[in-house]
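The figures here come from the full heavy-atom set of this structure, side chains too, leaving out hydrogens, waters and symmetry mates. All residue numbers in this chain count up from 1 along the given sequence.
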Amino acid sequence: MTRVWILPMLIVLCGSAVAAGLLRQGSPGTAAALLLGFVLLAGVNSPLIFPRSVGALEARRRSAADGRPIVFWRPGCAYCQRLRIRLGRDAHRLHWVDIWRDPAGAVAVRAVNEGDETVPTVFVEGRPYVNPDPRWVREQLAPPV
């Protein structure tokens with residue numbers, strides 16, 4: 001199991017344990033609803049909610065060609081989730097780099113954040129912006145063709 005799946009799996013395991021306890025107490029409806037909530041929470045914290053990640057070098061190459069911003073993120077980051085969810089369908093118009101999967105991405109983020117892996121860090125035209133407002137990020141996107 002890779003590191004990106006640890007948090008979602010822990011959430012599902014905890015939810016299963018709580019649901020099992022509720023089942024033993026005779027509350028199957030509550031157990032089912034709670035387990036569903038935990039599974040949804042795990043889904044939000046999984047790599048499934050984000051567009052497919054590319055490496056930092058590939059993202060830079062693509063960004064130079066098409067002008068799209070690059071988002072450096074990591075699974076489990078609430079601010080990254082907020083950005084992804086608030087961008088909605090526009091999220092696929094950015095290049096996403098998972099810093100836990102790409103060492104070069106982690107290095108790029110640490111270089112602009114005084115050694116910290118603070119995400120989301122968005123690069124627009126080569127300039128870094130740490131945890132920008134999702135509305136601002138949307139404004140940086142070229143109109144869809």
Side-chain angles (χ1 to χ4, degrees), residues 1-22 27 29-145:
M1 180 183 338
T2 60
R3 190 162 94 168
V4 297
W5 286 101
I6 292 174
L7 180 61
M9 294 307 294
L10 284 174
I11 292 171
V12 169
L13 288 173
C14 290
S16 299
V18 171
L22 288 170
S27 302
T30 305
L34 193 66
L35 184 58
L36 177 62
F38 272 89
V39 168
L40 290 173
L41 183 63
V44 167
N45 283 283
S46 78
L48 297 175
I49 195 166
F50 288 90
R52 186 179 179 103
S53 288
V54 297
L57 298 176
E58 177 65 13
R60 284 193 177 114
R61 185 190 67 73
R62 291 181 184 182
S63 181
D66 61 20
R68 293 180 181 180
I70 302 170
V71 179
F72 290 88
W73 69 286
R74 66 174 167 76
C77 168
Y79 299 104
C80 298
Q81 291 170 5
R82 175 185 73 113
L83 177 63
R84 166 61 185 98
I85 290 168
R86 298 227 2 237
L87 286 173
R89 290 182 170 202
D90 287 333
H92 76 280
R93 296 175 52 211
L94 293 101
H95 301 292
W96 294 79
V97 177
D98 180 352
I99 65 169
W100 280 0
R101 292 180 124 185
D102 184 48
V107 168
V109 169
R110 282 191 300 256
V112 299
N113 290 304
E114 299 176 1
D116 294 330
E117 290 184 351
T118 307
V119 288
T121 297
V122 179
F123 279 76
V124 178
E125 298 175 358
R127 296 191 57 196
Y129 300 89
V130 179
N131 196 16
D133 185 270
R135 286 177 291 191
W136 180 84
V137 174
R138 185 176 282 120
E139 291 170 3
Q140 305 312 304
L141 297 171
V145 179

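When all heavy atoms are compared, the tightest approach of Gly88 to Arg138 is N-NH2, 4.1 Å. Between Asn113 and Thr118, the shortest heavy-atom contact is ND2-O, 3.4 Å. The minimum heavy-atom distance between Val137 and Pro132, with the atom names listed, is CG2-CG, 3.5 Å.
Considering only residues two or more places apart in sequence or on other chains, Arg135 meets the salt bridge (charged side-chain N to carboxylate O under 4.0 Å, His left out) condition with Asp133. For Pro128, the side-chain contact (heavy atoms from CB on, under 4.5 Å) partners two or more places apart in sequence, or in a different chain, are Val112, Thr121, Phe123. Under the rule for a salt bridge (charged side-chain N to carboxylate O under 4.0 Å, His left out), the partners of Glu117 that lie at least two apart in sequence or sit in another chain are Arg110. Ala32 meets the side-chain contact (heavy atoms from CB on, under 4.5 Å) test with no other residue; sequence neighbours excluded. Here Arg68 pairs with Asp66 under the salt bridge (charged side-chain N to carboxylate O under 4.0 Å, His left out) rule; sequence neighbours left out. Every residue two or more places apart in sequence or in another chain that forms a salt bridge (charged side-chain N to carboxylate O under 4.0 Å, His left out) with Arg61 is listed here: Glu58.
We find the CG-CD1 distance between Leu41 and Ile11 to be 4.0 Å, quoted to the nearest 0.5 Å. To the nearest 0.5 Å, atoms CZ (Arg86) and CD (Gln81) are separated by 14.0 Å. Distance check: Leu7 CG to Arg74 CZ gives 9.5 Å after rounding to the nearest 0.5 Å.
Proximity of a side-chain donor or acceptor of Ser63 to a complementary backbone N or O of Ala59 within less than 3.5 Å is not detected. In this structure a side-chain-to-backbone donor-acceptor pair under 3.5 Å is present from Asp98 to Trp100. Asp102 places a side-chain N or O within 3.5 Å of a backbone atom of Ala56 that can act as its donor or acceptor partner. For the pair Trp73 (side chain) and Arg84 (backbone), a donor-acceptor distance under 3.5 Å is absent.
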### Task
Carefully, step by step, assess Ser16 and Phe38 under the rule side chain to side chain contact (heavy atoms under 4.5 Å, CB included).
CA-CA 8 Å; Ser16 299; Phe38 272 89; over 6 Å; no
### Task
Applying side chain to side chain contact (heavy atoms under 4.5 Å, CB included), run through Arg60 and Val54 and close with a yes or a no.
CA-CA 10 Å; Arg60 284 193 177 114; Val54 297; over 6 Å; no
### Task
Applying side chain to side chain contact (heavy atoms under 4.5 Å, CB included), run through Cys77 and Val119 and close with a yes or a no.
CA-CA 7 Å; Cys77 168; Val119 288; 3.9 Å; yes
#### Entry: Residues Leu87, Leu94; criterion side chain to side chain contact (heavy atoms under 4.5 Å, CB included); working and verdict
CA-CA 10 Å; Leu87 286 173; Leu94 293 101; 3.7 Å; yes
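Tyr129 has its side chain out of reach of Pro69: every pair of non-hydrogen atoms, C-beta onward, lies at least 4.5 Å apart. Side-chain atoms of Pro120 and Val71, non-hydrogen and from C-beta on, do get closer than 4.5 Å to each other. Residues Leu83 and Val122 form a side-chain contact, since some pair of their non-hydrogen atoms from C-beta on lies under 4.5 Å apart.
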